[in-house]
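For reference, the structure is listed below as structure tokens.
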Protein chains: 2
Amino acid sequence: MVSAHPASSRRDLAALIAPFNRALLAEEKQVLTEYGASMWEYIILTALREHSSSNQGQLAQRIRHDKSRIIADIDRLEARGLVTRSPGSDDRRARVIAITTEGDALQRTIQAAIQDREDTLLVAIPPEDRRALYRLLEAIHPMVTPRDNSHI
Amino acid sequence: MVSAHPASSRRDLAALIAPFNRALLAEEKQVLTEYGASMWEYIILTALREHSSSNQGQLAQRIRHDKSRIIADIDRLEARGLVTRSPGSDDRRARVIAITTEGDALQRTIQAAIQDREDTLLVAIPPEDRRALYRLLEAIHPMVTPRDNSHI
DNA sequence: TATTGTTATACTCTATAACTATA
DNA sequence: TATAGTTATAGAGTATAACAATA
């Protein structure tokens, strides 16, 4: 009897990526706990360092966070003086979120710690292989990131 | 003023892997919905094709599923005739889970469909780069998978 | 007393709908 | 009427504790 689907010798790509993803998140969470920030708070600070200031809704959309759940995160960041939330000058419904100097510094500190951990995790991978990995993942990134159509 | 942490030019590895992981899971879930299986059910079938039969607890441990949550999954797989659940011969507390011919066939069908989708997702990556990616991820896999200490 | 499978419960994350204030 | 932000609520997924049967 010949099977319609011969036993696959190859592991699912998802089965290779998922544990890697889990391990990276675990490392990241340890660092974040150290600095009293949540994953979403760190993602928000990182996004704000790239765009410096944006409306709350735009920000949520950019990082693919929920417009209703981002509120509490910004509340905490604001209370810690890491971001400011001010009413839009032209549209008084809008809230403009901007990162502060303290927020900027904290994001850098956390990111440096996270990348240190990532390097440690992959210390057994030769440098040129690691560079190849980054190059491949950067190439794949746009293929797996839903395009932002908000400008259309 | 010199910053303690200069702006990182590099993206976090987690920020590259997470969207990739999400995209792969989304593809996988579409296939699974087609065949009426949940992610955990597919993982269970895949694990059973590698080990053919095992105690419920050992199985849960191997796939890092919850020993209490695996119950409902096995209930459904058993009801569909994809696995059998029989009392252990030596230890009557234990339940031995074994995959059936139908279960084996379904896993192959689903896996083939999933890997087809994965190939489609990465169709723009040249074959040799894709091979390099798999090679790297296979090398990283043992570094990010918690070792099974159950035999100690 | 410890372990296998089971059930019940609580907790986190997420998704969605309803509300307000502006436009 | 539509939109930005907010609040409240319901759901999925997960983690944990308590229980019955067996060791």
Side-chain angles (χ1 to χ4, degrees), chain A residues 14 18-19 21-22 25-26 28-29 32-33 36-44 48 51 53-79 83-98 146 149-152, chain B residues 14 18-19 21-22 25-26 28-29 32-33 36-44 47-48 53-79 83-98 146 149-152:
Chain A
N21 188 57
R22 261 196 301 278
L25 290 186
E28 196 157 323
K29 272 177 192 157
L32 289 170
T33 301
S38 73
M39 187 73 76
W40 279 120
E41 285 165 21
Y42 172 62
I43 292 172
I44 290 168
L48 285 174
H51 277 78
S53 98
S54 25
N55 283 5
Q56 201 168 300
Q58 292 167 357
L59 176 59
Q61 207 173 356
R62 188 174 311 123
I63 64 178
R64 273 163 262 280
H65 194 12
D66 207 279
K67 71 161 185 164
S68 81
R69 274 180 300 144
I70 203 174
I71 295 168
D73 297 322
I74 293 179
D75 284 347
R76 277 188 298 274
L77 291 172
E78 192 187 15
V83 307
T84 58
R85 181 200 251 134
S86 37
S89 48
D90 47 338
D91 185 342
R92 295 219 325 270
R93 289 173 305 180
R95 306 284 141 146
V96 177
I97 312 300
N149 289 329
S150 62
H151 61 286
I152 299 182
Chain B
N21 188 55
R22 260 196 302 277
L25 289 186
E28 195 157 323
K29 271 175 191 157
L32 289 169
T33 301
S38 74
M39 188 72 78
W40 279 119
E41 286 165 18
Y42 172 61
I43 292 171
I44 290 167
L48 285 174
S53 99
S54 25
N55 283 5
Q56 201 168 299
Q58 292 167 357
L59 176 61
Q61 208 174 355
R62 187 174 312 124
I63 64 177
R64 275 164 259 281
H65 194 13
D66 207 279
K67 71 161 185 163
S68 79
R69 273 182 301 142
I70 203 175
I71 294 168
D73 297 322
I74 293 180
D75 284 347
R76 277 187 298 275
L77 291 173
E78 193 188 14
V83 306
T84 58
R85 182 199 253 135
S86 36
S89 48
D90 47 337
D91 185 342
R92 295 217 323 269
R93 290 173 305 182
R95 306 284 143 146
V96 178
I97 312 300
N149 288 328
S150 62
H151 61 287
I152 298 182

- Item | For the student: nearest non-hydrogen atoms of B/Arg69 and B/Trp40, plus distance |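 That would be NH1-NE1, 4.2 Å.
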Over how many whole Å does the gap from [X] atom [atom1] to [N] atom [atom2] extend?
X: A/Ile70; N: D/dT7; atom1: CD1; atom2: C1'; answer: 16 Å
X: A/Asp75; N: D/dT6; atom1: CG; atom2: P; answer: 7 Å
X: A/His65; N: C/dT16; atom1: NE2; atom2: C1'; answer: 15 Å
X: A/Asp66; N: C/dT16; atom1: CG; atom2: P; answer: 9 Å
X: A/Leu59; N: D/dA4; atom1: CG; atom2: C1'; answer: 13 Å
X: A/Gln56; N: D/dT7; atom1: CD; atom2: P; answer: 10 Å
X: A/Glu78; N: D/dG5; atom1: CD; atom2: P; answer: 13 Å
X: A/Gln61; N: D/dG5; atom1: CD; atom2: P; answer: 11 Å

All side chain to side chain contact (heavy atoms under 4.5 Å, CB included) counterparts of [X], not counting sequence neighbours:
X: A/Ala18; value: A/Arg22, B/Asn21
X: A/Arg92; value: none
X: B/Ser53; value: B/Val96, B/Ala98
X: B/Ile70; value: B/Ile44, B/Gln56, B/Leu59, B/Ala60, B/Ile63, B/His65, B/Ile74

- Message: Can you tell me if A/Trp40 touches the phosphate of C/dT12, counting only side-chain N or O atoms and a distance under 4.0 Å to OP1 or OP2?
- Response: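 Checking A/Trp40 against C/dT12: no side-chain N or O falls below 4.0 Å of OP1 or OP2.
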- Message: Can you list everything that forms a side-chain hydrogen bond (donor to acceptor under 3.5 Å, both in side chains) with B/Asn55? Sequence neighbours excluded, please.
- Response: none
- Task: Could you run through nucleotides 17-23 of chain C and give me one letter per nucleotide, 5' to 3': B if any protein heavy atom sits under 4.0 Å from the base, S if only the sugar-phosphate is that close, - if neither?
- Result: ----BBS
- Item | B/Arg69 side chain, from C-beta outward: closest of D/dA15, D/dA4, C/dG5 | D/dA15
- Looking only at side-chain atoms of B/Ile71, point me to the closest of C/dA15, C/dT7, D/dG5.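 Looking only at side-chain atoms, B/Ile71 lies closest to C/dT7.
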- Item | Side-chain donor or acceptor of B/Glu41 paired with backbone N/O of B/Ser38 under 3.5 Å | yes
